[in-house]
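Single-structure report; data block below.
Below, chains carry the letters A, B, ... as their sequence lines are ordered, and counting in each starts from 1.
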Number of protein chains: 2
Amino acid sequence: MSFDARIRAAIEGDIRSGALRPGDKLPSEHELAAQHGCARATVSKAMAALHHAGLIERRRKAGSFVADQHVHSAVLEVPDLAQLIEARGHVYRWQRLSREQDGAELHVTGLHYEGDTALALESRTIAVATVPDAMDESFDAIAPGTWLLAHIPWTSARHRIRAVGASAEEAQALGIVENTACLILERSTWRADAPVTTVRQVFRGDLFDMVAHFEPSPR
Amino acid sequence: MSFDARIRAAIEGDIRSGALRPGDKLPSEHELAAQHGCARATVSKAMAALHHAGLIERRRKAGSFVADQHVHSAVLEVPDLAQLIEARGHVYRWQRLSREQDGAELHVTGLHYEGDTALALESRTIAVATVPDAMDESFDAIAPGTWLLAHIPWTSARHRIRAVGASAEEAQALGIVENTACLILERSTWRADAPVTTVRQVFRGDLFDMVAHFEPSPR
DNA sequence: CAGTGGTCTAGACCACGCA
DNA sequence: GCGTGGTCTAGACCACTGG
C-alpha cells in the first residue's frame, strides 16, 4: 500500500473507531511525515484527501482537526430506468404518448414499462434553443432521456422528490386507482446555465423506491 | 489563481462548452506541463482532481480521456428536521410518543412538529450494544436523531425513499386522512459495521419534499 | 512573529499495458 | 520496448493567522 493510502487509512481508522473524536487535533504535517518516514508532500496529499472527504478540518497555523459529524447529505442513485428494469430481469419499453412543439419548447410525454406494467409516467420539456437536434427526433422509439444523454454535453441538475396521490389522468395512464401514492421525481438540467430539459416522472409508489448512501469515507 | 486551479478550469471549461466531447483524448501530463509552464507534479494533481470528480478517465500508456456522461448520481440533502423547520421560519418541536426496551434494542416513536402541525412520524430502533448511553436517556425532550448525532462517532448510512399511502395509525398521528400520500425515509446507520440505529420517518407528502443536486464539476 | 497548511519544483523510480 | 500515469522526494517560498 502507498504511503498516501496508509496515512489516510490510519487516521480514518482512528476517527471511525472513536479513538479520535470530533474536535481533536491531529499531528502537524511535519510530525506525521516523521512518524511515517515519508516526505511532507505525501502527508499533505493524504490530508487534502481527508479534508476533501469531509473527515477533517484544516486551519493555517492552528492545525488539522477531526470534523464535526454531519449526516446531512448522501449520494442518491438517480435511476436510468432502462438499466434499472433490465437489472431486475424484466423487459424495458418506452411508449410515447404525445409530442408537441410550443415555440422554443418541445413537450413529450410517455410511459416507461417494466414488462407489461407501466412503471412511470413522464412529461418532459426540452429547450429547443439549447438542443436544436431534438426537433428532428420523434421520440417514438427512444425515450427522450436516453436520447438526450447521448446528444448533449455535460450538465448540472436539480432534483426534487415528493410523494403525491395520483391524479385521475395519471392514474389512468399508469393503470392504478386515483389518489394512489406515487413518488414524483422532477429534474431540471442545464448546460452551462442554459436550460436543457425539465422532466417530471410519476412512479407507482408500490413498485419503486430510491436508494441513497452516506459514506463519510474517502471512497 | 494557482496553476492547479488554472489547469482544472481550462479543461473543465472545454468539456462543459462542448469543445471537448466524451471520449476525446487529452494531452499527456508532460505536454500539459509544457503548455502551462509548470512541473508535471502540478499537472498530475489537477488531473487527479478531475478524475476524482468523474470528469475524465485515465489509463496508463493510453492517456487521459473525457469521461462519458453519467447522470446517475446526485447529492441528496438529508434534512435535519429542526434546522429545516427553523429555516422555514417555524417553531420546531419533538413529541415523544413511546419508549420501550426490548432486549438489545431500544424502540422510540415520536412526532416532529412544524409549529402546531405534525410534519413527520418517526419510529426508531437503537442498538443498545453499540450505544449503551442511550439506555439512560428518556428522549422525552430531545429527538433521538439529535441526541445520537452528538453521542456517536462517525457512521455510514443507507437511505431508502418511497411513497406510501398512510396507514390508519399513521394518519391519525399526523392528523391526516388515511391513505394520503406520504414520503417515507428509512435510514440505517452503522459505526464500523456495528448497527447503530434504524429509523423510519413518515412525512406528510403535501408538506415535505427532498432536493438533490447533480454537479459534474469538482466542487 | 513563528508555525501551519498551500503550493510548487525538478528531478526520480515504478507498474502497467499497448504496440 | 517505451510512453503513460502513479507515486514519491527533499527541498523551497508564500499566505495566512493564532498566540
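Checking the phosphate oxygens (OP1, OP2) of C/dT9, a side-chain nitrogen or oxygen of B/T42 falls inside 4.0 Å. An OP1 or OP2 oxygen of C/dG6 is reached within less than 4.0 angstrom by a side-chain nitrogen or oxygen of A/R58. When the side-chain nitrogen and oxygen atoms of A/S2 are compared with OP1 and OP2 of D/dG6, none of them lie within a distance under 4.0 Å. Residue B/K45 places none of its side-chain N or O atoms closer than 4.0 Å to OP1 or OP2 of C/dC8. An OP1 or OP2 oxygen of C/dA2 is reached within less than 4.0 angstrom by no side-chain nitrogen or oxygen of A/K61.
With hydrogens and angles left out, the side-chain atoms of A/T197 and A/R124 include a donor and acceptor closer than 3.5 Å. A side-chain N or O of B/Q95 and one of B/Y113 form a donor-acceptor pair less than 3.5 Å apart. Judged purely by distance below 3.5 Å, without hydrogens or angles, the side chains of B/T130 and B/R191 never pair a donor atom with an acceptor atom.
You'll find a donor-acceptor pair under 3.5 Å spanning the side chain of B/R40 and the base of D/dT7, going by distance alone.
Separating the CG atom of A/L32 from the C1' atom of C/dT4 is a distance of 13 Å, rounded to the nearest angstrom. Distance, A/K25 NZ to C/dG3 C1': 10 Å, rounded to whole Å. In this structure, B/M47 atom CE and C/dC8 atom P are separated by 15 Å, rounded to whole Å. As a whole-Å value, the separation of B/E57 CD from C/dG17 C1' is 17 Å. When the C1' atom of C/dG6 is taken as reference, atom CZ of B/R6 falls 15 Å away, rounded to whole Å. Put simply, CZ on B/F3 is 14 Å from C1' on D/dC14, counting in whole angstrom units. Counting to the nearest Å, the C1' atom of C/dT9 and the NE2 atom of B/H36 are 17 Å from each other. The distance from atom CG of B/L50 to atom P of D/dG5 is 13 Å, rounded to the nearest whole Å.
A cation-pi contact links A/R59 to A/F65, judged by a cut-off of 6.0 Å to the six-membered ring centre and 45° from its axis.
The residue B/A41 sits close to a base: some heavy atom pair falls under 4.0 Å.
The aromatic rings of B/H52 and A/H52 sit perpendicular to each other, their planes meeting at more than 60°, with 30° as the lower class boundary.
The nearest heavy atom of DNA chain D to B/S44 and to A/R60 marks one nucleotide each, and the one closer to the 5' end goes with B/S44.
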